[in-house]
Amino acid sequence: MDSRSHTPVTAALRLCLHALLTGLLALVAVRAVGEGAPHAGAVVALTLVTAGVYGAGALAGRPGPAGAGVRAGAGARATSVRQRASMRPGTRAAAALWLAALCALWLGLLVLSPDALWVAFPLYFLQLHLLPTRWGVPAVVVTAAAAITSFVVHRQEIAPGAFIGPLLGAAVAIATVLGYDALFRESERRRELIVELVATRAELAEAERTAGTLAERERLAREIHDTLAQGLSSIQLLLRAAERTLPGDAPATAHVRAAREAAQANLAEARSFVRALTPPDLEHGSLAAALERLCARTTGPDLTVRFAVSGTPVELPTPYEVALLRTAQSALANTVRHARAGRAEITLSFMDTSVALDVVDDGRGFDPSGAPVAERGDGGFGLPAMRSRAATLGGTLSVESAPGQGTALAVTLPLAGPRRSQERAA
């Protein structure tokens, strides 16, 4: 809670403390003069000096840090909890000296007038406000004892009220100030929690927007690649074959050539759309380069990740590249989060009829036949998502693991021979 939100409250409490202390000092002086006390003149003089010292300290800002003035009562103490930690040593010393001077003058008044014991009540709050708790509470107890002693000495009698009044006032002051301190700390914790929750909500919203954008980009890239780009590539191949079969002087040759060039230009345009909509990790290179960068980013002090390529690399459809990259990212995330592994290796294998991605680590492993992660309550859906992504492309996902023996994950996607030839030609 910002200290500025307490300004009206603390200002009112400060004025109340000023009025209370001034009124009690005036009461001491008036009663001393009105009752013709033996030391009435000294009482009045000492009362004026006490009021002057208090007023000077209040105006100079010595009771509170950084010129805040006297923070009265429980609200003052709550604000001082945070501010005292940053109070300059000179300011703390000046405040302590000012309070010591007030207490010394009050003790002088106690010796001369029994009515001065009522001034102990505002002193309780000043002591609790200006002194650390380990010193403020004992100071209040000593002040209460001095007030009780003064009553007994001046009245020459021992009555329950002489003990109950000062002690009850001290107990109420301590309970009020410490209780307000606890409430203030709790409000600070709640404020920090609210700030953190707001920041987290903003981060989650941004992450959701980013995830939605990337998902839509992937979908559009897949649709363009699997429909327009593939169709234009087939048209271009067919027109090229037709052009070869036609005589060079045939009237249709020029039209076939123009149609093939138009298909080629549109294919290039479609591919530029696919590249623009491809996930960021695939924008600046091949799938192998993206996987190598992923391994480099994941490698840290406790985990070494290596990448290897097996077989002869071929150009893969964009959905295949996206699926394999996302599977590698999810598998490595599980390795970092759950496996406690020291080494991991990603292998991208190109075979005649399929492409495979293997992720192996030497972590603590798990029982694949047990309940899925989502059912165990861990909050993850990595394996089901990977399996669903592979099944969408006609592939398979296999997981081999056992407690204490690491984990091996393999995703295999089919590559038909004609399709690979078409990809090379395109």
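Heavy atoms only: backbone and side chains are in, while hydrogens, waters and symmetry mates are out.
The heavy-atom pair separating T407 from G365 by the smallest distance is OG1-CA, 3.7 Å. Between C295 and R306, the closest heavy-atom pair is SG-O, 3.9 Å. A pairwise comparison of heavy atoms in G108 and L46 identifies C-CD2, 3.4 Å as the closest pair. Shown here for E345 and A308, the closest heavy-atom pair between the two residues is OE2-CB, 4.3 Å. A pairwise comparison of heavy atoms in P122 and L24 identifies CD-CD1, 3.8 Å as the closest pair. V322 and R389 make their closest contact through CG1-NH1, 4.2 Å (heavy atoms, listed as atom of the first residue, atom of the second, distance).
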Checklist entry - Should T200 and E196 be marked as a side chain to side chain contact (heavy atoms under 4.5 Å, CB included) after you check the CA-CA gap, both sets of side-chain angles, and the distance that decides it? => result CA-CA 6 Å; T200 302; E196 183 178 355; 4.2 Å; yes
Checklist entry - Do E192 and R189 pass the salt bridge (charged side-chain N to carboxylate O under 4.0 Å, His left out) test, and can you show the C-alpha distance, the side-chain angles, and the key distance before you say yes or no? => result CA-CA 5 Å; E192 294 172 358; R189 284 193 293 268; over 6 Å; no
Checklist entry - Could you go step by step and tell me if V355 and T412 meet the side chain to side chain contact (heavy atoms under 4.5 Å, CB included) rule? => result CA-CA 6 Å; V355 58; T412 304; over 6 Å; no
Checklist entry - How far apart are the C-alpha atoms of R257 and E243, what are their side-chain angles, what is the distance that settles it, and do they pass the salt bridge (charged side-chain N to carboxylate O under 4.0 Å, His left out) test? => result CA-CA 7 Å; R257 183 180 299 111; E243 185 180 0; 3.1 Å; yes
Checklist entry - W135 and L128: side chain to side chain contact (heavy atoms under 4.5 Å, CB included), yes or no, with the steps? => result CA-CA 8 Å; W135 297 111; L128 290 171; over 6 Å; no
Checklist entry - Do N334 and M386 pass the side chain to side chain contact (heavy atoms under 4.5 Å, CB included) test, and can you show the C-alpha distance, the side-chain angles, and the key distance before you say yes or no? => result CA-CA 12 Å; N334 288 339; M386 285 185 268; 4.0 Å; yes
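One finds the CG atom of L102 at 11.5 Å from the CG atom of L97 (value rounded to the nearest 0.5 Å). Rounded to the nearest 0.5 Å, atoms OG1 (T50) and CH2 (W106) are 11.5 Å apart. L110 contributes atom CG, which lies 11.5 Å from atom CG of L105 (distance to the nearest 0.5 angstrom). Considering CZ of R340 and CZ of R364, their distance stands at 4.5 Å, rounded to 0.5 Å. Distance CG/L303 to CG/D361: 8.0 Å, rounded to 0.5 Å. For the atom pair L239 CG and Q264 CD, the distance stands at 11.0 Å (nearest 0.5 Å).
Although no hydrogens or angles enter the test, the distance criterion places no donor-acceptor pair under 3.5 Å between the side chain of T22 and the main chain of A19. Checked by atom type and distance alone, the side chain of D362 never pairs as donor or acceptor with a backbone atom of G406 at under 3.5 Å. Judged purely by atom type and a 3.5 angstrom limit, S388 has no side-chain atom pairing as donor or acceptor with the backbone of P384. No donor-acceptor pair under 3.5 Å is formed between the side chain of Y124 and the backbone N or O of V141. Using modelled atom types, no side-chain atom of S354 and backbone atom of F350 make a donor-acceptor pair closer than 3.5 Å.
Looking at heavy atoms from C-beta onward, L109 lies in side-chain contact with L25 at the 4.5 angstrom threshold. Contact of the D367 side chain with the S401 side chain is not registered, since no non-hydrogen atoms from C-beta on lie closer than 4.5 Å. Proximity of L409 to L383: side-chain heavy atoms (C-beta onward) are separated by under 4.5 Å at one or more points. Using a 4.5 Å cut-off on side-chain heavy atoms (C-beta onward), D358 and S349 make contact. You'll find the side chain of L316 reaches within 4.5 Å of the side chain of L324, heavy atoms only. C103 has its side chain out of reach of W98: every pair of non-hydrogen atoms, C-beta onward, lies at least 4.5 Å apart. Contact check for T353 versus L415: no side-chain heavy atoms found under the 4.5 Å cut-off. Side-chain contact between L357 and I346 is present, with at least one heavy-atom pair separated by less than 4.5 Å.
No hydrogens or angles considered: a donor-acceptor pair under 3.5 Å links the side chains of T143 and Q127.
Taking a 6.0 Å sphere around CD of E400, one finds it holds 12 or fewer heavy atoms contributed by other residues, nucleotides or ligands.
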